[in-house]
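Data block below; observations after.
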Amino acid sequence: MPWKRLDEQLSPWSVRLVNDLKIAEGETRKLATSIASEVRFLPKAAKDSIIAASPVRLADRLQELHAFQGWMDTVHRSPQSAYVIRAQVLTQNYICFVYLPESCFRVLSKVAPIGSVTRKCAQFLSDNPVRGFRNAIAHANWTYREDFGAIIYWARKGHDPDESMQKFEVVQEELSFWQALSRCVAYAAFSNL
């Protein structure tokens, strides 16, 4: 797997990784490489628990990620169309915030060593505000901002199902960061189990 390419894709968000995830600056320049190494050297029991967390074979998960990347590459080469862009938004948000947390991030956040880059990333992608956004995507509680520069969504701040939903907004730059981090963690983890 081209870890250097994934490392480079996340380099624009180095400051966010330091400030929001508390990852050491040196680690931010080689995030995918660090996650790949940490997952590769997890104890066998930890790897087995990740694999056992889902009835879907790991090879199938990785194949789905590759198919998703093929779709993204196709979209980027295609002429711009509002219909294609909206389909891309739907697909990317589902993969990054529903499919991957359920199949990878939640269990990875429990078995990765405390303080590791892998655990910090998996927890960030499993907790609010990303968790609230995930729930909004999964339950159709979102819409585009009028200028399409952000997604407006409704979610609960906590875990109480009786809590009323509140309105939030995620701008494209923030969403791009979440999506890039999600894909990086998934590729690095799934490729090294």
Side-chain angles (χ1 to χ4, degrees), residues 1 3 6-7 9-24 27-40 42 46-47 49-51 53-54 56 58 61-62 64-66 68-69 72 88-139 141-142 150-151 153 155-159 168-193:
M1 190 71 192
W3 304 125
L6 283 172
D7 289 338
Q9 288 174 354
L10 278 159
S11 64
W13 290 290
S14 183
V15 171
R16 295 283 316 273
L17 292 165
V18 170
N19 293 339
D20 297 355
L21 281 72
K22 308 300 182 215
I23 294 173
E27 292 291 326
T28 67
R29 289 188 289 276
K30 54 181 181 151
L31 194 75
T33 302
S34 295
I35 293 168
S37 178
E38 289 174 359
V39 170
R40 187 177 318 114
L42 282 173
K47 288 182 180 182
S49 69
I50 295 168
I51 293 167
S54 171
V56 178
L58 184 63
R61 296 273 187 212
L62 200 50
E64 205 58 45
L65 269 180
H66 289 298
F68 169 65
Q69 187 58 51
M72 294 296 290
Q88 177 190 7
V89 168
L90 288 168
T91 306
Q92 189 166 4
N93 285 340
Y94 173 78
I95 292 291
C96 291
F97 305 119
V98 178
Y99 185 85
L100 293 176
E102 297 298 326
S103 65
C104 182
F105 307 148
R106 290 202 173 101
V107 66
L108 195 57
S109 71
K110 293 176 184 156
V111 301
I114 294 171
S116 67
V117 169
T118 303
R119 188 176 194 132
K120 289 176 182 179
C121 291
Q123 283 180 326
F124 177 82
L125 292 165
S126 299
D127 293 342
N128 279 330
V130 180
R131 181 186 152 276
F133 184 72
R134 173 256 179 250
N135 290 342
I137 295 299
H139 299 287
N141 293 320
W142 67 277
I151 292 180
Y153 66 99
R156 292 174 178 84
K157 280 189 171 182
H159 296 280
F168 298 93
E169 181 177 286
V170 60
V171 295
Q172 185 57 53
E173 183 178 339
E174 177 96 357
L175 187 58
S176 294
F177 168 62
W178 294 354
Q179 291 165 339
L181 183 61
S182 176
R183 291 162 65 185
C184 170
V185 173
Y187 272 117
F190 285 154
S191 298
N192 285 282
L193 288 171

Distance check, rounded to the nearest 0.5 Å: [X] atom [atom1] versus [Y] atom [atom2]?
X	Y	atom1	atom2	value
Phe190	Cys104	CZ	SG	4.0 Å
Arg183	Leu65	CZ	CG	9.0 Å
Phe105	Leu100	CZ	CG	4.5 Å
Arg16	Glu173	CZ	CD	7.5 Å
Leu125	Arg106	CG	CZ	10.5 Å
Phe97	Ile137	CZ	CD1	8.0 Å

Pairwise side-chain contact, Cys121 with Leu31, heavy-atom cut-off 4.5 Å (strictly under) =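 Result yes, sub-4.5 Å side-chain heavy-atom pair found.
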With side chains defined as the heavy atoms from C-beta onward, is the minimum distance between Cys96 and Phe133 less than 4.5 Å?
->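 Not in contact.
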Given Val117 and Leu17, is the side-chain contact (heavy atoms from CB on, under 4.5 Å) satisfied, shown in steps?
-> CA-CA 10 Å; Val117 169; Leu17 292 165; over 6 Å; no
Is it the case that more than 12 heavy atoms not belonging to Gln69 sit under 6.0 Å from its CD atom?
->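 More than 12 within 6.0 Å, yes.
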Verify the neighbour count for atom NZ of Lys110: are there more than 12 heavy atoms of other residues, nucleotides or ligands below 6.0 Å?
->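 No, NZ of Lys110 has 12 or fewer neighbouring heavy atoms, counting only those of other groups under 6.0 Å.
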Start with the C-alpha distance between Trp13 and Leu181, add both sets of side-chain angles, then the distance that settles side-chain contact (heavy atoms from CB on, under 4.5 Å), and finish with yes or no.
-> CA-CA 9 Å; Trp13 290 290; Leu181 183 61; over 6 Å; no
Mind running side-chain contact (heavy atoms from CB on, under 4.5 Å) on Leu42 and Thr118 for me, showing each step along the way?
-> CA-CA 11 Å; Leu42 282 173; Thr118 303; over 6 Å; no
Does NZ or CZ of Arg61 lie under 6.0 Å from the centre of the six-membered ring of Tyr99, at an angle within 45° of the ring axis?
->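 Judged by the rule, Arg61 and Tyr99 form a cation-pi pair.
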Donor-acceptor contact present, side-chain Ser182 to main-chain Trp178, <3.5 Å =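 Flag not set: sc Ser182 to bb Trp178 has no pair under 3.5 Å.
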Donor-acceptor pair, Ser37 side chain versus Ser34 backbone, under 3.5 Å?
->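 Checked: no pair found.
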Which pair of non-hydrogen atoms, one from [X] and one from [Y], has the smallest distance, and what is that distance?
X	Y	answer
Gly115	Lys120	O-CE, 3.5 Å
Arg131	Ser126	CB-O, 3.4 Å
Ala136	Trp142	O-CD1, 3.5 Å
Cys184	Ile35	SG-CD1, 4.5 Å
Asn192	Ala36	ND2-CB, 3.3 Å
Ala189	Val39	O-CG1, 3.6 Å

Hey, is Glu38 close enough to Arg119 for a salt bridge, meaning N to O under 4.0 Å?
->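 Between Arg119 and Glu38 there is no salt bridge, as every charged N stays at least 4.0 Å from the carboxylate O atoms.
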Lys157 and Phe168: CA distance, side-chain angles, deciding distance, side-chain contact (heavy atoms from CB on, under 4.5 Å) verdict | CA-CA 10 Å; Lys157 280 189 171 182; Phe168 298 93; 3.8 Å; yes
